[in-house]
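Proteins come first, then strands; the chains are lettered A, B, ... in the order of their sequence lines, and each starts at number 1. Only heavy atoms go into these numbers, but all of them, side chains included; no hydrogens, no water, no symmetry mates.
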Protein chains: 2
Amino acid sequence: MAKRARTTRVGISDVATKAGVSLATVSRVMNGNLSVDPQIAKRVRATAAELKYLPNPTGRNLARGKTDTIGVVVPDLGNPTFQAVLRGVSRAAAQDGYRVLIADSSEVSSEEAILAGEARRRCDGVVLCAPRMGAAELEELAPSLHPMVLVNRATNATGSPSVMVDYGKGIQDLAAHLVELGHTRLAYVAGPASSASHGLRLAGLETFKRSHPGIELKVLPNGSTFEDGYNSADAVVASGASGIMAFNDLTAMGLLSSLNERGIRVPADMSVTGFDDIPFARYTTPALTTAAVPIVDVGEQAWRQMRELLNGTAGGGTSATPGQAGSEVAAGTTAAPTTSIFTPTLVVRGSTAAPPATGR
Amino acid sequence: MAKRARTTRVGISDVATKAGVSLATVSRVMNGNLSVDPQIAKRVRATAAELKYLPNPTGRNLARGKTDTIGVVVPDLGNPTFQAVLRGVSRAAAQDGYRVLIADSSEVSSEEAILAGEARRRCDGVVLCAPRMGAAELEELAPSLHPMVLVNRATNATGSPSVMVDYGKGIQDLAAHLVELGHTRLAYVAGPASSASHGLRLAGLETFKRSHPGIELKVLPNGSTFEDGYNSADAVVASGASGIMAFNDLTAMGLLSSLNERGIRVPADMSVTGFDDIPFARYTTPALTTAAVPIVDVGEQAWRQMRELLNGTAGGGTSATPGQAGSEVAAGTTAAPTTSIFTPTLVVRGSTAAPPATGR
DNA sequence: GTGAAAGCGCTAACAT
DNA sequence: ATGTTAGCGCTTTCAC
């Protein structure tokens, strides 16, 4: 490269020279290596401070073969769920001195794999949120991404731990709640067909059906956004159901809004439930009955899993102790990869009640 | 370091050897340098593909003195405003091949400066969202952070551009709207005293007062969260005002919720406005009249400013053309640093109407 | 057009 | 305990 471009900031050698020691010593001091004479260490520190020397991370990264950074790949930075995961990961990682590089695929799932790979090569590991990615592609991608932690996904044949939410259990709780209130005709306003978490809800509902033969349960295809919920009102009304389970709080709120405009009263005429318990859920009118997902905790747990991977403490077991906020966590199989499972909590608010007396 | 640790992934030298060329040539090919014989280039590319060679970013970073990454410092990753800024920056930057490293100070403002510095040293520049940071500290910090782009802040004496939102204008529009509807007693449910954007609203309201001497306008100290809004109801009712301007949509929604519980009808008994136009604003009951802030655009514009800084095209002028979505942008002074100003748009929905006939 | 070699700024053997 | 010296993996002069 250039011959000693003098544009450069103050580097380790400047400190070494000025303090009258070798590069190695400065490096040792800066890294808190105890094997340095306290006197000298003090002098070096003083010199560094005087020169306002701060180690260049890129140089360290190259020399140490690590970046102290992890990548978080999300399909949509505008989605409250992934925002919360990101926040959880970011804060937990920060506590351990790690930073987060974000990779937002903007719902362009064809870019997901590339983005994930790029992120991985710049970081020490990657937390992957890819609810729509095909199982095959994921499996193929996994080895090249290791160390990787999956959120709401699982993969065999690789050492990638997962942090999952038991959406199936959550929706069963919701359905049971409605049935307890007296509803006999239920409808699930479905999420995107390709969504893995939607699949889990569906499976949960199948289980529910089996144990509740007398209950009618329709599945109404729909999406995951506010607008989707708003636009689902026709289908919901046509279904004849009195107990509606929306895919998530967003769609529930959209539905609520649309029903309100039509003069259909919730919960008097119809009960509606959400899923996730996003912050707004308790402030809708009426407040939303939902299955609370401790999604920030999911992010934090994803970091803990990543930390284990990074520390080489690969093993499984009930190592980290997550789930402080009313959620339960179960350690998966004892062998790696570990799976953490968070169970949603039923939160009953004003949007559910007994069905109208007219029966129906 | 270790003597040729054979753990290393396939590197540039592997490709060079296998293709029978020098490192330099491989590097040239990988970087699209045209001065390579097409035949050789093709062979190198084939070899690279065969070996699944991908350049190590850290090595490149060190050699090129840049990381193609920018840092985004936010005070709270849980705040919708900063989430949107982050999203705007991230997506715009991604289009230009840059990535984003996030630095969330978790509202611990004492950490903000340190975090920003850390982020800056790992990146090519930093977008700083620090609404609570003292002006003096910001000024002191600025030089060491350059290139830096400020969001909703400005600083003299440094070449740091700003992307601002004219909160003062927005709140004046809101106030004027209420007055037009017939309200004569207004109240502003204030944001955090230390918030810069709150200051701008306050200043705007002062201007408004001067031009509307007949209007009563009270300022009710409060905060910025949903809960703050919820808890402000007492003060709001006590104020005797009929037209309420909340600090933002979040507090407006909290207030709406609380008023609803008290049986105070909006907008029949009281009009309420928000600020920001977050996605939920149109789905509240009633839908929220607010001043729409194109906050994602703010993030995108912040990236454009950053890109100019990075490209050395330091100058000002109306370079980038932002503000597609109904917002206006004005280029600041012709000299650098440039300031982009986004003006909120009044969005009238169902939460405002004429005051009750009883006068008051 | 291509290669040799000198770094980028730092860390970590290894030797003393 | 400290210094010497190789690198980390890549880019980029500079000479051919």
Side-chain angles (χ1 to χ4, degrees), chain A residues 1-45 47-48 51-68 120-124, chain B residues 1-45 47-48 51-68 120-124:
Chain A
M1 204 178 234
K3 36 189 50 168
R4 305 270 67 237
R6 280 296 71 200
T7 350
T8 323
R9 307 211 156 269
V10 26
I12 195 171
S13 62
D14 298 300
V15 180
T17 307
K18 183 142 190 183
V21 296
S22 72
L23 297 188
T25 296
V26 177
S27 176
R28 289 185 184 109
V29 172
M30 298 310 290
N31 291 302
N33 189 322
L34 286 319
S35 76
V36 178
D37 183 293
Q39 292 292 311
I40 298 193
K42 194 178 165 194
R43 175 151 48 93
V44 169
R45 261 190 291 274
T47 310
L51 262 35
K52 297 195 197 311
Y53 166 72
L54 290 169
N56 175 319
T58 306
R60 298 191 75 202
N61 290 347
L62 185 57
R64 306 197 315 161
K66 60 189 304 259
T67 61
D68 295 343
R120 172 60 188 84
R121 292 181 13 257
R122 298 183 167 268
C123 302
D124 300 342
Chain B
M1 205 179 234
K3 33 191 54 171
R4 305 272 68 236
R6 278 299 69 200
T7 350
T8 323
R9 305 210 160 269
V10 28
I12 195 171
S13 60
D14 298 301
V15 180
T17 306
K18 181 141 193 187
V21 295
S22 72
L23 299 188
T25 296
V26 177
S27 175
R28 289 185 185 108
V29 172
M30 297 310 290
N31 291 300
N33 190 321
L34 288 316
S35 76
V36 178
D37 182 293
Q39 293 291 309
I40 300 190
K42 195 179 164 192
R43 175 153 46 96
V44 169
R45 261 189 291 273
T47 311
L51 261 36
K52 296 196 200 305
Y53 166 71
L54 290 170
N56 176 319
T58 307
R60 299 190 76 204
N61 290 347
L62 184 58
R64 307 197 315 161
K66 61 191 302 263
T67 61
D68 295 342
R120 173 61 187 86
R121 288 178 19 253
R122 295 182 170 269
C123 302
D124 299 343

Note, B:R43 side chain near B:V21 side chain (heavy atom, < 4.5 Å) | yes

Rounded to whole angstroms, how far apart are CG on A:N33 and P on C:dA13?
-> 11 Å

Whole angstrom is fine here: how far is it from NZ in A:K66 over to P in C:dA12?
-> 10 Å

Verify, without hydrogens or angle tests, whether B:N33 (side chain) and B:S35 (backbone) share a donor-acceptor contact under 3.5 angstrom.
-> yes

Can you tell which of C:dG7, D:dT12, C:dC10 lies closest to the side chain of B:A63?
-> C:dG7

Taking OP1 and OP2 of D:dT11, is either one under 4.0 Å from a side-chain nitrogen or oxygen of B:R64?
-> no

Proximal nucleotide (of C:dG9, C:dC10, D:dT2) relative to the A:L62 side chain | C:dG9

Rounded to whole Å, CZ of A:R43 lies from C1' of D:dT2 at a distance of 12 Å

How many angstroms lie between CZ in B:R122 and CG in A:N61, if you round to the nearest 0.5 Å?
-> 5.5 Å

Is the shortest heavy-atom distance from the side chain of B:R60 to the side chain of B:N31 under 4.5 Å?
-> yes

A:P55 backbone acceptor or donor facing B:R121 side chain under 3.5 Å = yes

With a 4.5 Å limit on heavy-atom distance, are the side chains of B:R28 and B:V44 in contact?
-> no

At how many degrees, to 10°, do the end axes of the helix from C:dG1-D:dC16 to C:dT16-D:dA1 meet when each uses five pairs?
-> 40°

Does B:N31 have a side-chain nitrogen or oxygen under 4.0 Å from the phosphate oxygens OP1 or OP2 of D:dT11?
-> yes

Counting just side-chain N and O atoms, does A:N56 come under 4.0 Å of either OP1 or OP2 of C:dC8?
-> no

Mapping A:G59 and B:I40 onto DNA chain C by nearest heavy atom, which one lands closer to the 5' end?
-> B:I40

Whole-Å distance between C:dT2 P and B:L34 CG?
-> 12 Å

Looking at CG of A:D14 and CG of A:L23, how far apart are the two atoms once the value is rounded to the nearest 0.5 Å?
-> 10.0 Å

Between C:dC8 (C1') and B:N61 (CG): distance, integer Å | 11 Å

To the nearest Å, how far apart are A:R28 CZ and C:dA12 C1'?
-> 8 Å

Separation of C:dG1 atom C1' from B:D37 atom CG, nearest Å, is 7 Å

State whether A:S22 places a side-chain N or O below 4.0 Å from either non-bridging phosphate oxygen (OP1 or OP2) of D:dT4.
-> no

Quickly work out the B:R121 CZ to C:dG9 P distance and round it to whole Å.
-> 14 Å

If you look at every strand shown and take non-hydrogen atoms under 4.0 Å, does B:T25 touch a base, only sugar-phosphate, or nothing?
-> sugar-phosphate

Starting at the 5' end of DNA chain D, which residue's closest nucleotide do you reach first, A:V21 or B:P55?
-> A:V21

Where each residue is assigned the nucleotide of DNA chain D containing its nearest heavy atom, which of B:A24 and B:T58 is assigned the position nearer the 5′ end?
-> B:T58

For the side chain of A:R120 and the backbone of A:C123, is there at least one donor-acceptor N/O pair under 3.5 Å apart?
-> yes

